[in-house]
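Small disclaimer: the values here were computed from a predicted structure and weren't measured.
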Amino acid sequence: MSGDGDARGLEAAASAAAEAARELREAAAALVATRAAEEDALRRRAVALDADVRRLQGSLHALDSSTIDKVEEELERARVAITDSDVASFLPSKRNGKFLKTFLGPVNVRVARKEDKLKIKDEYNNYRDRTAYKFLLFPSILLLLRWWIWDGCLPALAVQIYQAWLLYLYTSFALRENVLIANGSDIRPWWIYHHYLAMLMALISLTWEIKGQPDCSSKQRGVQLFLRWAIMQGIAMHLQNRYQRQRLRTRIALGKAKRMDVVAGETAGVEGQLLLLYPVLFILQGFEAYVGVLLLQTALHGLASQWQVVVCGILLVVMAVGNFVNTMETLLLKLRFKAKMKRAKNRQDRPHQN
């Protein structure tokens with residue numbers, strides 16, 4: 001009899017569990033349906049408001065100069081409030097670019113939670129900081145060992161290991177920045193293209209024959225200049241990371257930048273800091289172009305017969321010109337912004353003067 005009672009009790013418990021599972025499934029389905037309806041309503045509101053802000057920003061030219069700055073600032077704050085909050089998750093997602101599709105396939109890299117997006121951005125900034133130290137350290141070690149141990153002649157293996165690291169570095173930069181763009185970060189297109197060109201140059205340089213003795217110093221002149229340029233690049237990266245992050249925090253606090261924005265490639269900073277940063281950037285760009293021209297001259301004069309020398313020289317010149325143009329655009333943008341702020345201040349002072 002006890003066995004029959006246990007069987008009936010087990011059957012009743014199983015039936016109750018099945019009924020509870022059915023009720024839970026229905027409750028979960030109802031919750032999902034309700035949440036989907038609410039999300040769909042929020043999505044329509046977000047898309048409509050984003051379109052309104054964009055339309056109003058496109059109509060600013062119709063305003064007179066006395067009100068355009070104030071209206072423009074209000075619309076910019078509205079745009080940041082939309083794109084730099086959880087509202088952004090309801091906007092249409094950006095498609096992965098060809099670069100991400102090539103390396104990752106048709107994978108959605110967009111993160112839903114804002115906290116996770118900020119973690120991606122913070123990790124990218126930390127990666128830039130670590131890379132700046134390595135960018136400064138690796139070529140310095142190679143040049144020091146060239147004199148102390150290698151008798152003025154760089155071994156091919158050491159140079160190729162460094163070039164392989166550059167290929168990994170620029171590829172990782174491009175991947176991380178494409179993921180950031182998919183998650184709402186504003187990064188100037190040129191800096192993405194710059195990393196593509198740097199990847200190509202690093203890949204080509206891996207096949208570059210590093211010649212040794214005799215006359216090693218003359219044969220490796222291009223390599224030595226490139227390593228010196230890399231040291232200057234590391235110094236510039238340190239300055240950019242230090243100065244620009246401070247400025248970016250200020251812009252985020254004022255509502256003029258999104259929390260997902262990064263300092264990559266930007267040349268923003270406070271006025272005193274830019275007195276140091278801009279000269280370093282212009283010197284770096286000039287030296288980059290000089291190294292590229294030197295490589296081309298080396299090939300034209302018959303000192304190097306490799307096609308890699310010509311291509312690397314052209315790429316360096318193109319990157320130097322692109323960096324210079326982008327830096328000048330940023331500088332002109334800052335000057336226009338300062339002029340706009342000065343006009344706004346003068347308009348505020350006029351009522352007090354009257």
Side-chain angles (χ1 to χ4, degrees), residues 123-148 150 154 158-177 187-188 190-203 205-206 208 220-248 262-269 273-292 294-295 312 315-324 326-327 330:
E123 171 55 28
Y124 172 79
N125 287 333
N126 293 333
Y127 185 67
R128 279 179 58 87
D129 291 337
R130 297 193 301 268
T131 298
Y133 287 107
K134 295 175 183 178
F135 223 111
L136 185 61
L137 183 63
F138 285 177
S140 300
I141 291 175
L142 287 176
L143 289 175
L144 288 174
L145 292 179
R146 171 178 172 264
W147 288 108
W148 289 353
W150 294 326
L154 290 165
V159 176
Q160 289 173 340
I161 290 175
Y162 174 69
Q163 291 165 337
W165 175 77
L166 285 180
L167 177 59
Y168 162 78
L169 170 68
Y170 287 119
T171 303
S172 63
F173 267 143
L175 281 171
R176 290 168 183 258
E177 289 164 359
I187 302 177
R188 290 192 176 184
W190 162 248
W191 298 112
I192 305 292
Y193 298 142
H194 176 272
H195 289 153
Y196 294 161
L197 295 174
M199 285 170 52
L200 178 60
M201 184 181 66
L203 179 62
S205 66
L206 277 172
W208 190 345
Q220 295 186 355
R221 187 182 179 192
V223 177
Q224 296 167 23
L225 285 172
F226 181 82
L227 292 175
R228 294 188 179 98
W229 165 82
I231 293 174
M232 296 181 63
Q233 177 77 0
I235 295 173
M237 288 179 67
H238 273 292
L239 292 174
Q240 287 177 314
N241 292 350
R242 177 183 175 185
Y243 296 155
Q244 296 162 11
R245 191 172 298 180
Q246 177 181 348
R247 178 60 175 170
L248 184 59
V262 295
V263 299
E266 297 298 331
T267 48
Q273 296 168 343
L274 293 178
L275 294 176
L276 175 62
L277 180 58
Y278 272 105
V280 171
L281 290 176
F282 287 131
I283 292 173
L284 176 65
Q285 293 155 9
F287 192 73
E288 185 176 27
Y290 170 70
V291 174
L294 180 64
L295 291 177
C312 287
L315 289 175
L316 278 173
V317 173
V318 171
M319 287 189 291
V321 173
N323 289 339
F324 176 78
N326 189 81
T327 304
T330 304

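- With a 4.5 Å cut-off on side-chain heavy atoms, Arg128 and Phe173 count as touching.
- Relative orientation of the Phe287 and Tyr290 rings is tilted, given thresholds of 30° and 60° on the angle between their planes.
- The shortest heavy-atom contact between Phe135 and Tyr162 is CE2-OH, 4.3 Å.
- Between Tyr170 atom OH and Leu200 atom CG the span is 12.5 Å, to the nearest 0.5 Å.
- Residues Arg176 and Glu123 have side chains in contact (heavy-atom distance under 4.5 Å, counting atoms from C-beta outward).
- Taking the side chain as every heavy atom from C-beta outward, Arg130 and Asn126 approach each other to under 4.5 Å.
- The neighbour count for Tyr196 OH, taken as heavy atoms of other residues, nucleotides or ligands under 6.0 Å away, is above 12.
- A distance of 11.0 Å separates CE of Met201 from CG of Leu206, quoted to the nearest 0.5 Å.
- We find the CH2-NE2 distance between Trp190 and His195 to be 10.0 Å, quoted to the nearest 0.5 Å.
- Expressed to the nearest 0.5 Å, how far CH2 of Trp150 lies from CG of Leu142 amounts to 5.5 Å.
- The existence of a salt bridge linking Glu177 and Arg188 is excluded, since no basic side-chain nitrogen approaches an acidic carboxylate oxygen closer than 4.0 Å.
- Across all their heavy atoms, Leu227 and Pro139 have their closest contact at O-CB, 3.5 Å.
- Residues Gln285 and Asn323 share a closest heavy-atom pair of NE2-O, 3.5 Å.
- Side-chain contact between Asn326 and Trp191 is present, with heavy atoms from C-beta onward closer than 4.5 Å.
- Remark: Thr131 OG1 to Tyr127 OH distance equals 4.5 Å, nearest 0.5 Å.
- Here the two rings, on Phe226 and Trp229, have centers that are under 6.0 Å apart.
- Of all the heavy atoms in Ala132 and Met237, the pair that sits closest is CB-CB, 3.9 Å.
- Taken to the nearest 0.5 Å, the CH2 atom of Trp147 stands 10.0 Å off from the CG atom of Leu154.
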Under 3.5 Å, which donor-acceptor pairs do the side chains of residues 315-322 form with other protein atoms, sequence neighbours left out?
none

